[in-house]
Each structure stands twice: as structure tokens, then as C-alpha cells.
Colleague: 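Before we start, here is the structure in question, set down as C-alpha cells.
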Amino acid sequence: MIFEYAPAPESRSVVALRETYDLFVDGGFSPAEGGEYLTTLNPADETPLARVAVAGPADVDRAVAAARRAQETVWGRMSGAERGKYLFRIARIVQERSRELAVLESLDNGKPIKETRDVDVPLVAAHFFYYAGWADKLAHAGLGPDPKPLGVAAQVIPWNFPLLMLAWKVAPALATGNTVVLKPAETTPLTAMVFAQICQEAELPPGVVNILTGAGETGQALVEHPGADKVAFTGSTGVGRRIARSVAGTGKRLTLELGGKGANIVYDDAAIDQAVEGVVSGIFFNQGHVCCAGSRLLVQESVAEEFLPLLKARISKLRLGDPLDKNTDIGAINSAAQLERIREITDTGEAEGAERWSPACDLPENGYWFAPTVLTGVSQAHRVAREEIFGPVLSVLTFRTPEEAVEKANNTPYGLSAGVWTEKGSRMLWTAERLRAGVVWSNTFNKFDPTSPFGGYKESGYGREGGRHGLEAYLG
Ligand code: TAP
């Protein structure tokens with residue numbers, strides 16, 4: 001394992017960082033009325049990257065008013081084919097600026113460049129291309145011959161896939177004739193600000209997309225604004241619950257994409273090497289900051305002794321370090337607060353009797369880092385088996401029968417994702433049918449595609465994003 005943190009300054013040169021980013025409202029950049037700014041840091045070394053404006057209630061008012069005006073006078077009146085042209089244009093500019101976006105996302109979030117380059121940014125472009133194609137075909141969305149946009153969408157997104165979550169929210173909203181006011185997470189606002197520049201470059205009419213940076217209070221003011229017709233939120237279950245309460249009785253439409261505690265079930269007949277690879281990427285992709293991460297490994301007892309050493313050997317080969325190094329597998333934890341959360345809950349796992357293992361390593365001195373960790377001997381009652389850790393920590397449980405695997409996989413308040421590793425098609429289908437999870441992967445994990453709906457059961461939220469289903473959330 002390589003733990004040297006050596007910043008790669010040359011790759012930063014593709015990013016022209018501004019010192020200060022203002023709010024993007026009505027097609028232009030303007031300071032927040034309160035004049036307040038927050039600083040976003042590079043989590044790999046804690047150096048400041050830029051200052052971004054903190055939007056207050058007056059800024060929310062003017063952004064919602066701009067979005068309303070644009071929806072009623074321009075965007076909602078335009079033909080679907082015309083709207084589609086703008087979305088295709090945005091998709092192409094994202095592709096043209098992909099290197100800059102990938103580097104900036106890695107700097108602001110801490111995730112490895114090979115993920116931003118090969119996963120995040122290509123999927124962002126793919127979402128805009130996909131929904132551009134739908135813009136003139138809404139009569140086929142399954143909602144009648146002439147479905148109508150809802151109006152103004154208030155959208156709040158988290159820090160784990162900053163630009164991709166923006167694309168998941170903005171592309172279907174615009175394709176369906178809605179306008180948006182979006183709030184990125186406090187710790188990862190920068191790719192959203194470049195996206196604002198892309199909207200200008202695409203000559204998107206003013207007010208169709210508005211971006212308000214700020215912390216949780218900004219998000220709260222936005223979702224509670226009476227001018228929002230639709231609220232779309234991705235984030236923690238706690239905040240989602242609060243939003244659901246505030247939206248109740250207002251007539252606003254709501255979709256929630258919340259947390260998860262996905263199970264990766266490995267049966268004794270699975271192709272072991274492939275399963276090891278899938279379990280490793282299932283939890284360590286994006287430092288485990290993934291709502292659908294395979295954070296619980298359920299391995300059949302008869303193969304557990306063979307599986308675990310192979311798993312640990314593979315983890316020992318992961319490279320942790322500079323997010324801008326193309327060879328890096330595990331980058332930095334996004335913030336000091338998240339690092340503290342991961343530490344606290346992982347420590348309770350040990351205190352409750354689990355055995356903790358990490359490959360031998362020295363973590364870089366500056367920045368926020370957490371070594372990949374495996375907890376074995378975990379029981380269902382342990383916090384590390386029940387609560388979302390949202391970090392590079394795998395909790396291992398065993399099972400004897402398929403019935404027990406399903407019972408343990410479903411024994412969680414969440415219901416977002418699961419994986420099944422087996423060579424038997426019948427077993428794969430038997431298991432998938434019984435899992436209460438919005439997405440079930442088999443012999444693979446963390447595969448995303450704009451054509452597939454994504455969303456949860458139970459405390460993982462409701463509504464679907466992606467695919468044709470993703471249009472329904474924005475049409476009345
Ligand atoms: P949250 O604390 O819930 O933050 C999400 C967003 O909501 C951020 O932009 C946040 O702003 C904002 N926010 C905070 N308090 C708010 C309030 N009272 N009203 C309105 N907005 C508010 O979650 P997080 O820590 O950023 O993200 C991690 C969580 O998101 C995990 O639980 C993860 O599972 C979940 N997640 C789910 C999915 C899907 S698709 N289901 C995808 C990604 C993440 P600040 O950041 O500025 O505080």
C-alpha cells in the first residue's frame with residue numbers, strides 16, 4: 001500500500017480557480033445580499049481552494065422569482081425539441097470541459113481522479129444526453145398525451161458525487177420544462193459553479209438554472225420557500241425526514257434519496273476472485289461515501305475462511321493517497337466532520353466486540369484520511385451493522401442458508417441497494433425477488449446508467465431518479 005501524499009501541481013493547471021464565486025441567479029453572478037462567504041478546502045491537504053457566497057433568505061427569494069419568470073415566460077413555453085437542443089449543448093460542453101471538471105471535483109471532494117475522470121464526469125454528460133432525448137417525447141413518458149411541468153424545482157444535493165447529483169436533478173427537471181434553484185453541499189460547491197458557467201456558455205435563457213451556495217440553512221430556506229412547486233433532496237435520512245415534515249400539507253411534490261446500508265451477499269458457489277473484486281469496489285469506491293455502497297458483506301459460512309484472506313490481500317494492494325494521481329484507488333475523506341463520524345462509529349464497532357483490521361500504513365499528516373477497514377465478527381445488533389458509516393469500512397457477517405442471507409440483508413431500516421454473487425441463475429433470481437432494495441446488482445456492483453431508475457425503499461427515501469421513471473417526478 002502506498003501512502004505518500006505528493007500533490008501533483010501540473011494536473012491542477014487545467015483548472016482556473018477563481019478566488020471568489022458568487023451566486024448564479026437569473027443568468028449572472030451576483031454576491032449574496034448578506035455579503036457572507038465560506039471557504040471550501042482541499043480535503044487532501046486542508047489548503048483553501050476558493051471562497052463561495054452564502055445565500056440567505058433574500059437571495060432565495062430572488063432566485064425563486066427568477067426561476068418562476070423563466071418558467072412562465074420562456075422555458076415552459078418552449079417546444080420540447082428546443083429544450084432538448086439546450087440539453088444536448090450542455091452535454092457537449094461538459095464533455096469538452098471534462099478534464100477541468102474531473103480535476104476540480106477531485107480537488108474539492110478528495111475522490112481519486114480515475115473515478116472523476118472515468119465515472120463521475122462521463123455519467124454527467126450521459127445524463128444530459130439521455131434526458132435531452134426525452135425532451136420532445138414526453139407524451140411517451142406514460143403520463144398521458146400532454147403531461148405538464150410542475151414549475152419551479154428546489155433541489156438540494158450532497159457532497160459525495162457533487163456534479164453527478166446535480167446532473168441527476170437538473171437534467172430531468174429541464175427536459176420536462178421545469179426551471180431550477182439548486183443548492184450544492186457546503187464542502188463541494190465548485191463544480192456546480194463551473195456548471196453555472198457552462199449554462200452561460202450554452203446560452204441557456206436566464207433564470208432557467210439558478211445555483212445558490214451556502215450551508216444547511218440555505219437549503220432549508222430553499223425547500224421551505226412557498227414559491228417552490230417541487231422539492232428534490234438527496235442527503236441524509238435525518239435531514240430528509242425534516243424536509244418531509246416541512247413540505248407536508250403544502251402541496252409541493254417531493255422526492256427523497258437518502259441513506260443506505262447495502263448488503264453484498266456472497267454464496268458458496270460464487271466466482272471467488274470476481275466476488276472479491278466486487279466487494280472491494282462495492283465499499284471502497286469513492287472512499288465508501290456512497291449511499292448504495294456494499295457496506296455489509298454477507299458471506300456464506302462455508303466459504304468465509306477462504307474468502308476473507310483473499311479479500312484482505314486485495315485490500316492490501318489498494319493505493320491510498322493523492323487524489324490527482326492516476327494510480328490512486330482511495331482518496332481523502334471529504335471533511336473533518338465526516339472523518340470524525342467515521343472514526344466514532346468504527347470505534348464503537350470494536351467496543352461492541354468486532355475485530356478490526358486495516359493494512360499496515362502511515363496516513364498523510366495533513367488532510368482527512370481513513371485507512372480501509374474491515375470489521376469481522378460483527379453481529380446484527382452492532383451499530384456498525386445497522387447504521388450508515390459512509391466511509392471506507394466494511395462490516396462482515398456470515399450466513400448459512402439463502403433464507404438467512406435474505407433475512408439479514410433485509411434487517412435494516414434502509415432499502416437502497418444489494419449485491420448477489422452466485423453462479424446459479426435461479427439462486428440469483430430467488431434472492432433478488434426477496435430483497436427489499438431499490439437496486440439489486442448480480443455479479444457486479446455500483447454500476448450506474450442514466451436509463452436505469454434509482455431509488456430506495458423504507459428509510460432510503462421515495463421516488464425514482466434516472467430512466468423514464470425520473471421524468472415522473474417532474475411532471476403533473
Ligand atoms: P446532509 O447533511 O443531509 O446534506 C445534504 C444536503 O442538504 C447538503 O447540501 C446540506 O447542506 C443540505 N442541508 C443540510 N441541512 C438541511 C436542512 N435542514 N434543510 C435543507 N437542506 C439541508 O447529508 P450529507 O452529509 O451531505 O450527505 C451524506 C448523506 O447523503 C448520506 O446519508 C448518504 O447516504 C446520503 N446520500 C444519499 C444518496 C442517494 S441517491 N440516496 C446519494 C448521496 C448521498 P450542507 O452540506 O451545506 O450542510
Side-chain angles (χ1 to χ4, degrees), residues 36 38-40 52-55 57 60 108-109 111 120 123 127 154-169 181-189 192 211-225 228 231-247 252 254-262 285-295 333-342 345 387-391 412-417 437-439 446 448 452-466 470 473:
E36 205 188 315
L38 58 83
T39 299
T40 180
V52 296
V54 177
V60 175
D108 205 16
N109 172 279
K111 63 171 76 187
D120 296 62
L123 277 174
H127 267 82
Q155 308 183 320
V156 178
I157 56 173
W159 45 262
N160 58 341
F161 292 93
L163 192 61
L164 185 56
M165 289 298 109
L166 175 151
W168 279 31
K169 299 263 180 294
V181 182
L182 175 130
K183 193 202 88 73
E186 182 181 353
T187 56
T188 54
I211 297 177
L212 297 180
T213 43
E217 298 78 52
T218 306
Q220 190 171 346
L222 176 59
V223 300
E224 291 180 0
H225 197 284
V231 174
F233 172 79
T234 296
S236 59
T237 296
V239 174
R241 217 177 256 142
R242 193 175 164 162
I243 291 176
R245 274 198 297 268
S246 77
V247 161
K252 290 178 193 171
L254 176 64
T255 37
L256 296 174
E257 298 277 3
L258 308 174
K261 193 72 190 174
F285 170 63
N286 200 26
Q287 294 73 247
H289 300 329
V290 183
C291 50
C292 53
S295 52
I333 301 302
N334 178 249
S335 65
Q338 186 59 25
L339 179 60
E340 190 42 46
R341 214 171 297 158
I342 297 169
I345 185 162
E387 293 180 28
E388 188 178 44
I389 302 176
F390 221 57
T412 159
Y414 296 111
L416 194 54
S417 69
V439 54
N446 276 339
F448 304 99
S452 302
F454 184 89
Y457 287 98
K458 302 192 280 185
E459 291 187 19
S460 291
Y462 47 83
R464 293 292 178 266
E465 291 188 315

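Position 1 is the first residue of the sequence; numbering continues from there. Read the numbers this way: they start at 1 and go in the same order the structure lists the ligands and their atoms. Worth knowing before you read on, the calculation uses all heavy atoms, side chains too, and leaves out hydrogens, waters and symmetry mates.
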Colleague: On a heavy-atom basis, I'd like to know which of Q155, E186, K183 is closest to atom 11 (O) of ligand 1.
Modeller: K183
Colleague: Please could you name the atoms of ligand 1 that P158 approaches to less than 4.0 Å, counting only its heavy atoms?
Modeller: 26 (O), 27 (O), 43 (C), 44 (C)
Colleague: Looking at atom 24 (P) of ligand 1, what's its closest protein heavy atom, distance included?
Modeller: W159 NE1, 3.4 Å
Colleague: Check whether any side-chain heavy atom of N160 lies under 4.5 Å from a side-chain heavy atom of F390, and answer yes or no.
Modeller: yes
Colleague: With the side chain counted from C-beta on, respond yes when D120 and L163 share a heavy-atom pair under 4.5 Å apart, and no when they do not.
Modeller: no
Colleague: If you measure from OG1 on T255 to NZ on K169, what distance do you get to the nearest 0.5 Å?
Modeller: 6.0 Å
Colleague: Does the side-chain contact (heavy atoms from CB on, under 4.5 Å) test come out yes or no for V54 and T218, once each step is laid out?
Modeller: CA-CA 8 Å; V54 177; T218 306; 4.3 Å; yes
Colleague: Out of G235, A337, S246, G259, who is nearest to atom 35 (C) of ligand 1 when you count heavy atoms only?
Modeller: G235
Colleague: Could you find the nearest protein heavy atom to atom 41 (N) of ligand 1 and give me its residue, atom name and distance?
Modeller: L258 O, 2.5 Å
Colleague: Which of the atoms of ligand 1 are close to G214, meaning less than 4.0 Å from one of its heavy atoms?
Modeller: 47 (O)
Colleague: Any side-chain to backbone donor/acceptor pair from K183 onto G214? Under 3.5 Å, distance only.
Modeller: yes
Colleague: Note the single closest protein heavy atom to atom 1 (P) of ligand 1, along with its residue, its atom name and the distance in Å.
Modeller: S236 OG, 3.5 Å
Colleague: Once you restrict to heavy atoms under 4.0 Å, what part of T234 touches ligand 1? Side chain, backbone, both or neither.
Modeller: both
Colleague: Any idea which atoms of ligand 1 are less than 4.0 Å away from a heavy-atom of G219?
Modeller: 19 (N), 20 (C), 21 (N)
Colleague: Taking the ring of W168 and the ring of F161, is the distance between their centroids below 6.0 Å?
Modeller: no
Colleague: Would you check if H289 and I342 make a side-chain contact, meaning some heavy-atom pair closer than 4.5 Å?
Modeller: yes
Colleague: Are the side chain of E388 and the backbone N or O of G260 linked by a donor-acceptor pair below 3.5 Å?
Modeller: yes
Colleague: May I ask you to identify, for L416, whether its side chain, its backbone, both or neither come under 4.0 Å of ligand 1 on a heavy-atom basis?
Modeller: side chain
Colleague: F233 heavy atoms, cut-off 4.0 Å: which ligand 1 atoms fall inside?
Modeller: 3 (O), 5 (C), 6 (C), 7 (O)
Colleague: Please state which protein non-hydrogen atom is closest to atom 16 (C) of ligand 1 and give its distance, to 0.1 Å?
Modeller: V239 CG1, 3.4 Å
Colleague: Between V231, V290, V156, flag the one that comes closest to atom 7 (O) of ligand 1 by a heavy atom.
Modeller: V156
Colleague: Just to check, does G455 reach to within less than 4.0 Å of ligand 1 when the distance is taken from its heavy atoms?
Modeller: no
Colleague: Give the residue, atom name and distance (to 0.1 Å) of the protein heavy atom nearest atom 9 (O) of ligand 1.
Modeller: I157 O, 2.7 Å
Colleague: How far is atom 31 (C) of ligand 1 from its nearest protein heavy atom, and which residue and atom name does that atom have?
Modeller: E388 OE1, 3.3 Å
Colleague: Which of the atoms of ligand 1 are close to F454, meaning less than 4.0 Å from one of its heavy atoms?
Modeller: 40 (S)
Colleague: Could you check atom 28 (C) of ligand 1 against the protein and tell me its nearest heavy-atom contact, residue, atom and distance included?
Modeller: F390 CE2, 3.5 Å
Colleague: Any donor and acceptor pair, going by atom type alone, linking the side chain of H225 with main-chain N or O of A221 inside 3.5 Å?
Modeller: no
Colleague: Which residue owns the protein heavy atom closest to atom 38 (C) of ligand 1, what's the atom, and how far is it?
Modeller: C291 SG, 3.0 Å
Colleague: Are the side chains of L258 and F233 in contact, using a 4.5 Å heavy-atom criterion?
Modeller: yes
Colleague: Can you find a pair of side-chain heavy atoms, one from N109 and one from P162, that are under 4.5 Å apart?
Modeller: yes
Colleague: Run the contact test for F161 against ligand 1 with a 4.0 Å cut-off on heavy atoms, strictly below, and give the result.
Modeller: no
Colleague: Does V223 reach the side chain of L254, with side-chain heavy atoms less than 4.5 Å apart?
Modeller: no
Colleague: Can you list every pair that meets side-chain hydrogen bond (donor to acceptor under 3.5 Å, both in side chains) and has a residue in residues 453-464, with sequence neighbours left out?
Modeller: R241-E459
Colleague: Under 4.0 Å from a heavy atom of N160: which atoms of ligand 1 are those, numbered in the order shown and with their elements?
Modeller: 43 (C), 44 (C)
